[in-house]
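Please read the structure below before turning to the comments.
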Amino acid sequence: NSSHRPLSPHLQVYRPQLTSVLSITHRATGIGLSFGIILLITWLVAAAAGMNYFNMVNSVVTSWFGKLVLLGFTWALFYHLCNGIRHLFWDAGFGFELSTVYKSGYATIAGSIILTATAWIIGITIDLRSNLMTDNGMKTHLARVRGLGSAKEGSHHWWMQRLTAIALIPLTLWFSI
């Protein structure tokens with residue numbers, strides 16, 4: 001009976017292929033990165049807002065769940081990057097042979113995993129080294145984020161650098177014209 005069949009081919013009819021899975025994953029990682037940027041902005045705003053806000057957000061970020069989210073965000077970022085490079089080659093007209101499509105797909109997956117592992121190893125190594133240095137003058141997490149020893153001086157110094165940079169724009173334009 002034709003009334004029970006779908007009008008057009010549906011996901012239930014097709015077996016998932018590498019290309020379709022990678023395409024869906026690329027879209028999903030793009031959406032995930034959008035939410036991850038909101039979390040990153042929240043963390044940065046908390047750092048600018050003061051010690052209490054930063055400690056609250058940082059406690060969530062440094063929890064096991066926060067680290068799991070950061071790991072997923074890192075992988076999504078590198079996957080999206082690798083697959084974006086793959087698409088740039090396709091836009092230039094290269095890599096459409098079926099064997100090349102599959103090789104580049106597997107390279108995208110491997111590259112994203114390797115880059116994620118490398119970034120986390122470097123990050124953990126830097127964190128361990130900074131914890132071993134007790135004489136660096138930066139005792140709090142907020143001071144480490146701001147990059148200066150004093151949180152009061154740090155935000156003022158940051159704003160002065162931005163103001164100076166903006167003030168130099170007209171001068172640069174005047175010299176270049």
Side-chain angles (χ1 to χ4, degrees), residues 16 18-89 103-169:
L18 180 67
T19 53
S20 63
V21 171
L22 292 178
S23 177
I24 293 167
T25 306
H26 186 76
R27 294 162 198 244
T29 56
I31 293 168
L33 290 172
S34 299
F35 288 113
I37 291 297
I38 293 170
L39 295 175
L40 178 64
I41 291 170
T42 303
W43 186 68
L44 291 172
V45 167
M51 185 72 77
N52 292 337
Y53 294 110
F54 179 76
N55 286 337
M56 181 178 63
V57 173
N58 197 48
S59 67
V60 173
V61 171
T62 57
S63 69
W64 69 269
F65 182 72
K67 288 180 181 177
L68 186 64
V69 169
L70 284 174
L71 178 66
F73 179 78
T74 309
W75 177 79
L77 181 68
F78 285 125
Y79 176 82
H80 210 75
L81 171 74
C82 292
N83 207 35
I85 293 169
R86 180 177 179 228
H87 278 267
L88 284 175
F89 279 98
K103 287 176 188 175
S104 65
Y106 287 123
T108 297
I109 295 169
S112 65
I113 292 170
I114 290 168
L115 288 170
T116 301
T118 303
W120 273 78
I121 289 169
I122 291 170
I124 290 169
T125 303
I126 290 172
D127 186 48
L128 290 175
R129 286 185 182 171
S130 69
N131 286 338
L132 292 175
M133 294 183 199
T134 57
D135 216 11
N136 62 3
M138 293 188 226
K139 304 294 183 200
T140 65
H141 293 292
L142 182 60
R144 285 189 200 145
V145 168
R146 289 189 171 161
L148 297 169
S150 168
K152 293 176 193 159
E153 168 116 13
S155 61
H156 173 72
H157 182 73
W158 186 87
W159 281 112
M160 288 297 107
Q161 284 182 328
R162 297 316 169 271
L163 184 63
T164 305
I166 291 170
L168 286 175
I169 292 172

Exercise. Does Asn58 use its side chain to pair, donor to acceptor, with the backbone of Phe54 at less than 3.5 Å?
Worked result: no
Problem set entry | Where Ser112 and Trp75 come nearest, the two heavy atoms and their spacing | OG-NE1, 3.0 Å
Exercise. Which pair of non-hydrogen atoms, one from Val21 and one from Pro16, has the smallest distance, and what is that distance?
Worked result: CG2-CB, 4.0 Å
Problem set entry | Partners passing side chain to side chain contact (heavy atoms under 4.5 Å, CB included) against Leu77 (at least two apart in sequence or in another chain) | Leu33
Problem set entry | Interatomic spacing from CZ in Phe65 to CG in Leu70 - rounded to 0.5 Å | 10.5 Å
Exercise. Shortest non-hydrogen contact from Cys82 to Leu115?
Worked result: SG-CD1, 3.8 Å
Problem set entry | Distance, nearest 0.5 Å, that separates CD1 of Ile109 from CD1 of Ile114 | 12.0 Å
Seminar exercise, completed: Closest non-hydrogen contact found for Arg86 with Ser104 is NE-OG, 2.8 Å
Exercise. Can you name the residues that form a ring pair (Phe, Tyr, Trp, His ring centres under 6.0 Å) with His26, not counting sequence neighbours?
Worked result: His80, His87
Problem set entry | Euclidean distance, Met56 CE relative to Thr42 OG1, rounded to 0.5 Å | 10.0 Å
Exercise. Between Thr25 and Asn83, is any pair of side-chain heavy atoms under 4.5 Å apart?
Worked result: no
Problem set entry | Closest non-hydrogen atom pair between Thr108 and Tyr79, with its separation | CG2-CE1, 3.6 Å
Seminar exercise, completed: For Thr116, the side-chain hydrogen bond (donor to acceptor under 3.5 Å, both in side chains) test, sequence neighbours excluded, returns none
Exercise. Heavy-atom distance under 4.5 Å between the side chains of Tyr106 and Leu22, does that happen here?
Worked result: no
Exercise. Looking at side-chain heavy atoms only, is the closest gap between Leu39 and Val61 below 4.5 Å?
Worked result: no
